[in-house]
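Worksheet for the structure shown next.
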Amino acid sequence: MKVLISGAGIAGLTLAYWLRRHGHEPVVVERAPHGRLGGYGVDFFGTGYDVAARMDILDRLTPYRLPVDTVAFVDASGRPGARMTEALLDRIIKGPHLPLMHTTLEGALLDAVGDDVEIRFGESIAAVRDTGTAVEIDFTGGGTQRFDLLVGADGIHSRTRELVFGPEPGFAHYLGCRLASYPVADRYDWGRVRAHYTEPGRQVVVYPTGEPGELVALFLFRSSDSGNVPRAERPELLRSRFGGMGWLTPSLLADAPDGESIFMDTMTQIVMPSWHRGRVALVGDACGCMTMVSAQGVSMAMAGAYLLAEALESERDHERAFARYQERMHGEVTRRQRNALRFTRTLVPASRAGLVAQNLVSRVIMRETFAPVLRSQFGAGSILPART
């Protein structure tokens with residue numbers, strides 16, 4: 001089958017790889033000219049790690065492991081009040097764990113796909129017509145093509161979902177928080193630590209990228225506005241929301257690049273009763289975004305892509321394949337969304353009292369005794385069937 005995949009991110013590239021392995025003809029379109037903006041770290045374990053092992057790309061990823069041994073929750077002077085050590089993290093995850101930059105994983109997936117798959121950067125979908133026997137696609141760059149299937153792997157703001165299932169507000173559940181990130185020069189002799197500093201309504205996170213002399217600055221803040229922020233306005237929004245904040249915040253804001261280089265989005269979950277319609281299906285954040293705080297978005301994107309490709313190979317009939325894929329994934333995604341929703345409510349406390357309570361809980365729970373509790377929130381083994 002000839003399958004159009006909209007989106008060359010984690011889900012789209014993983015799906016393209018496995019479809020090609022199963023003998024199909026995937027074509028990928030990506031509206032960005034050369035990959036996506038997303039310079040932030042991801043926790044790579046569980047199902048995602050399992051899929052990567054089956055793709056034989058772990059040896060490409062391991063050398064780029066983020067140099068972080070400790071997660072520290074610091075006060076305004078930088079003094080840690082609670083720590084999560086690597087030993088505690090190992091007990092929580094109970095399996096291989098590989099913290100990476102998001103772009104590192106995308107690069108490895110792009111290399112794995114190689115020349116076997118046609119990828120059209122700077123191209124996207126303008127219109128979709130499902131004829132019953134094929135999907136006709138109009139492209140923004142001009143021209144129309146027919147495909148057997150269309151898969152939307154185009155993220156939380158999926159254009160495929162909008163065209164086929166309806167506008168984003170019908171599926172988006174905004175959690176009342178925004179995030180932004182960008183790289184900064186390491187002027188602090190930082191070390192192997194990811195540090196979190198929180199004040200009421202806002203939080204700053206800093207960690208090394210693995211590139212010499214480079215850190216990532218991540219900003220989280222409460223906001224009632226869920227609308228898009230134009231790139232040109234992003235530096236000023238961050239300065240207004242984080243002005244007067246303690247710790248390293250003034251220096252991080254002073255080092256901010258122009259708006260084109262600042263990643264910014266909302267903390268929003270996508271909840272849909274059905275992930276497929278006719279000859280069109282969705283995968284990854286397009287149908288089941290869990291938000292970054294779930295620590296499961298990458299794993300579930302790769303799991304969905306793998307299981308969708310497997311279902312299309314096993315069932316042959318696309319409707320049964322789509323149903324089988326959703327049946328296998330939906331409960332897992334829903335459970336992780338529920339966990340992320342609970343955690344987000346306390347991630348950035350709105351009040352000083354809430355912050356005091358958060359600090360107290362952090363000091364108590366960051367111990368090996370509570371590893372099972374933390375595992376129920378963040379830990380997750382692979383959901384893939386064992387290879388035979």
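The first residue in the sequence is number 1, and the count goes up from there. Computed from heavy atoms alone, side chains included, the values below leave out hydrogens, waters and symmetry copies.
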Would you mind checking if [Y] and [X] are paired as a salt bridge, meaning a charged N to carboxylate O distance below 4.0 Å?
| X | Y | answer |
| --- | --- | --- |
| Arg202 | Glu199 | yes |
| Arg120 | Glu30 | no |
| Arg187 | Asp255 | yes |

Do [X] and [Y] meet the criterion of a side-chain donor-acceptor pair at a distance under 3.5 Å?
| X | Y | value |
| --- | --- | --- |
| Asn339 | Arg336 | no |
| Ser77 | Asp75 | yes |
| Ser124 | Thr140 | yes |

Q: Quickly, which of Leu15, Val51, Leu384, Leu312 forms a side-chain contact (heavy atoms from CB on, under 4.5 Å) with Leu307? Name it, please.
A: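 With Leu307 as partner, side-chain contact (heavy atoms from CB on, under 4.5 Å) holds for just one option, Leu384.
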Q) Checking side-chain contact (heavy atoms from CB on, under 4.5 Å) against Ile137, which of Ile125, Thr144, Thr160, Leu163 comes through? A)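 Option passing the side-chain contact (heavy atoms from CB on, under 4.5 Å) with Ile137: Ile125.
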Please examine the side chains of [Y] and [X], heavy atoms only from C-beta on, and report whether any two atoms are closer than 4.5 Å.
| X | Y | value |
| --- | --- | --- |
| Glu25 | Val3 | no |
| Arg161 | Ile270 | yes |
| Gln203 | Leu218 | no |
| Thr47 | Met302 | no |
| Tyr17 | Leu19 | no |
| Leu252 | Leu215 | no |
| Pro257 | Ile262 | yes |
| Leu66 | Met101 | yes |

Determine yes or no for a side-chain-to-main-chain donor-acceptor pair under 3.5 angstrom, with [X] supplying the side chain and [Y] the backbone.
| X | Y | value |
| --- | --- | --- |
| Ser6 | Gly152 | no |
| Thr104 | Leu100 | no |
| Asp148 | Met1 | no |
| Ser314 | Glu310 | yes |
| Thr209 | Glu211 | yes |
| Arg320 | Arg316 | no |
| Arg234 | Gly259 | no |
| Arg129 | Val135 | no |
| Glu123 | Gly141 | yes |
| Arg231 | Met264 | no |

Co-membership, hydrophobic cluster, residues [X] and [Y], 4.5 Å side-chain:
| X | Y | value |
| --- | --- | --- |
| Met292 | Val68 | yes |
| Tyr197 | Val356 | no |
| Leu109 | Tyr64 | no |
| Tyr174 | Leu341 | no |
| Val28 | Phe121 | yes |

(Q) Ring centres under 6.0 Å, that's the criterion: do Phe263 and Tyr182 meet it? (A)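 Not under 6.0 Å, so no.
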Return the [atom1] to [atom2] distance between [X] and [Y], rounded to the nearest 0.5 Å.
| X | Y | atom1 | atom2 | result |
| --- | --- | --- | --- | --- |
| Thr346 | Gln358 | OG1 | CD | 6.5 Å |
| Leu248 | Leu253 | CG | CG | 10.5 Å |
| Thr344 | Gln337 | OG1 | CD | 11.0 Å |
| Met267 | Met290 | CE | CE | 12.5 Å |
| Asp130 | Glu136 | CG | CD | 9.5 Å |
| Thr291 | Asp265 | OG1 | CG | 11.0 Å |

Q) Phe219 vs Phe242 aromatic rings, parallel, tilted or perpendicular, using cut-offs 30° and 60°? A)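 Judged by the thresholds at 30° and 60°, the geometry between Phe219 and Phe242 is perpendicular.
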**Q.** ring pair (Phe, Tyr, Trp, His ring centres under 6.0 Å) contacts touching residues 128-169 (sequence neighbours left out)
**A.**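 Not a single pair qualifies under ring pair (Phe, Tyr, Trp, His ring centres under 6.0 Å).
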Q: Determine which pairs satisfy ring pair (Phe, Tyr, Trp, His ring centres under 6.0 Å) with at least one residue from residues 288-336, sequence neighbours left out, and list them in order.
A: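 Those involving residues 288-336 are Trp18-Tyr306, Trp275-Tyr325, Trp275-His330, His276-Phe322, His318-Phe322.
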[X] atom [atom1]: more than 12 heavy-atom contacts under 6.0 Å:
| X | atom1 | answer |
| --- | --- | --- |
| Glu327 | CD | no |
| Arg83 | CZ | no |
| Arg31 | CZ | no |

Ignoring hydrogens, what is the shortest heavy-atom contact between [X] and [Y]? Give both atom names and the distance.
| X | Y | answer |
| --- | --- | --- |
| Ala8 | Leu13 | O-CD1, 3.5 Å |
| Ala350 | Pro200 | O-CB, 3.6 Å |
| Phe44 | Ala52 | CZ-CB, 3.7 Å |
| Arg222 | Val348 | NE-O, 2.5 Å |
| Pro235 | Asp258 | CG-C, 4.2 Å |
| Val283 | Ala305 | CG2-N, 3.5 Å |

Q: Show the numbers, then the answer: is there a side-chain contact (heavy atoms from CB on, under 4.5 Å) between Met245 and Val204?
A: CA-CA 9 Å; Met245 191 173 183; Val204 174; 3.8 Å; yes
Q) Under the side-chain contact (heavy atoms from CB on, under 4.5 Å) criterion, do Tyr207 and Val71 qualify, and how do the steps go? A) CA-CA 9 Å; Tyr207 54 89; Val71 178; over 6 Å; no
Q. For Val184 and Glu214, what are the C-alpha separation, side-chain angles and deciding distance, and is it a side-chain contact (heavy atoms from CB on, under 4.5 Å)?
A. CA-CA 6 Å; Val184 296; Glu214 184 179 76; over 6 Å; no
Q.
Applying side chain to side chain donor-acceptor pair (under 3.5 Å) to Arg194 and His196, what does each step give before you reach the verdict?
A. CA-CA 7 Å; Arg194 188 176 85 197; His196 296 239; 3.1 Å; yes
Q. Does the side-chain contact (heavy atoms from CB on, under 4.5 Å) test come out yes or no for Leu105 and Ile10, once each step is laid out?
A. CA-CA 8 Å; Leu105 180 56; Ile10 302 298; 3.6 Å; yes
